[in-house]
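Each chain gets a letter, A, B and so on, in the order its sequence line appears, and its residues count up from 1.
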Amino acid sequence: DAGVIQSTRHEVTEMGQEVTLRCKPISGHDYLFWYRQTMMRGLELLIYFNNNVPIDDSGMPEDRFSAKMPNASFSTLKIQPSEPRDSAVYFCASSGGNNEQFFGPGTRLTVL
Amino acid sequence: AQSVTQLDSHVSVSEGTPVLLRCNYSSSYSPSLFWYVQHPNKGLQLLLKYTSAATLVKGINGFEAEFKKSETSFHLTKPSAHMSDAAEYFCVVSFSGGYNKLIFGAGTRLAVHP
């Protein structure tokens, strides 16, 4: 099993640009989660999906953030426009419904 | 409301000595409890989990944790620390509320000295 895949480990962009982070969950898992980790705020849940449907997006910080899950094997988290304070490590995780989540390696986003 | 408190932000031990990372939780429901480990520049890896079976849970790499309902605690222990144990450890609570939302503690950074 390849685990949760976040193929981009580091992403650097300039303020005002659009940035899209990508995630492939573990095959067969029906829950997908997006987290953000910063030194100041720790690990925060941004949004999660069940069967490709967004269930709870209360953690999404602003309208600049959006997430989609067009199918069971792919999800994106988009920031438009990006700001320096969005710099963080963004983790994707998936779960098969038993409360155990498997995390990807994360994408470190730097907004200049 | 559900919450989790890790009582120490940093713990430092010598190699070969015991490790104790403390965690207290608050949950109105029957909780599931987890410990995750994060090595530098890596994702989070599940160490162990408690889901209402045996109160003493054994995990990977020699770690174990004991669920104590009366103390609302789920402390992580290891008899003998290894240099490779240096990492950040997160205590996590979930509850049987019908979905998979996890609530993370602030983390404890474990340093292991030779």
Side-chain angles (χ1 to χ4, degrees), chain A residues 1-11 21 23-26 29-51 53-60 88-110, chain B residues 1-10 21 23 25 27 29-53 57-60 63 65 67 74 87-109:
Chain A
D1 190 341
V4 175
I5 296 174
Q6 293 180 261
S7 54
T8 301
R9 299 299 307 273
H10 295 90
E11 181 85 49
L21 310 179
C23 173
K24 178 178 170 56
I26 292 173
H29 282 186
D30 52 3
Y31 287 86
L32 184 137
F33 305 80
W34 281 102
Y35 292 89
R36 178 172 68 176
Q37 186 178 38
T38 62
M39 290 291 290
M40 292 296 294
R41 300 174 68 92
L43 203 62
E44 305 172 275
L45 176 66
L46 300 177
I47 184 172
Y48 81 94
F49 296 82
N50 179 217
N51 292 322
V53 177
I55 302 300
D56 183 350
D57 65 354
S58 60
M60 297 285 262
V89 182
Y90 290 82
F91 288 102
C92 175
S94 71
S95 171
N98 61 352
N99 282 337
E100 182 176 339
Q101 295 184 19
F102 295 82
F103 283 76
T107 298
R108 181 176 295 277
L109 173 65
T110 301
Chain B
Q2 286 68 31
S3 66
V4 59
T5 301
Q6 292 184 243
L7 299 168
D8 307 292
S9 58
H10 291 83
L21 305 183
C23 173
Y25 70 92
S27 175
Y29 305 90
S30 300
S32 295
L33 293 157
F34 308 81
W35 277 97
Y36 280 83
V37 60
Q38 184 180 26
H39 287 92
N41 300 313
K42 300 286 188 183
L44 283 79
Q45 179 186 17
L46 181 67
L47 271 181
L48 50 81
K49 63 178 179 180
Y50 165 79
T51 55
S52 77
V57 182
K58 294 187 183 299
I60 61 172
F63 284 94
F67 173 69
F74 190 58
E88 184 135 21
Y89 292 79
F90 293 93
C91 183
V92 183
V93 64
S94 178
F95 59 94
S96 53
Y99 62 98
N100 278 252
K101 191 169 182 177
L102 299 182
I103 299 169
F104 284 78
T108 298
R109 186 167 296 277

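At a heavy-atom cut-off of under 4.5 Å, chain A is reached by B:Asn41, B:Lys42, B:Gly43, B:Leu44, B:Leu46 from residues 41-48 of chain B, listed in order of number.
A heavy-atom distance below 4.5 Å is not found between the side chains of A:Leu43 and B:Tyr36.
Shortest non-hydrogen contact noted between B:Gln38 and A:Phe91 is NE2-CZ, 3.2 Å.
Interface summary for chain B: among A:Glu44, A:Gln37, A:Arg9, the most heavy-atom pairs under 4.5 angstrom belong to A:Gln37.
Distance check, rounded to the nearest 0.5 Å: CG of B:Leu102 to OH of A:Tyr35 gives 4.5 Å.
In this structure, the portion of A:Arg108 lying under 4.5 Å from any heavy atom of chain B is its side chain and not its backbone.
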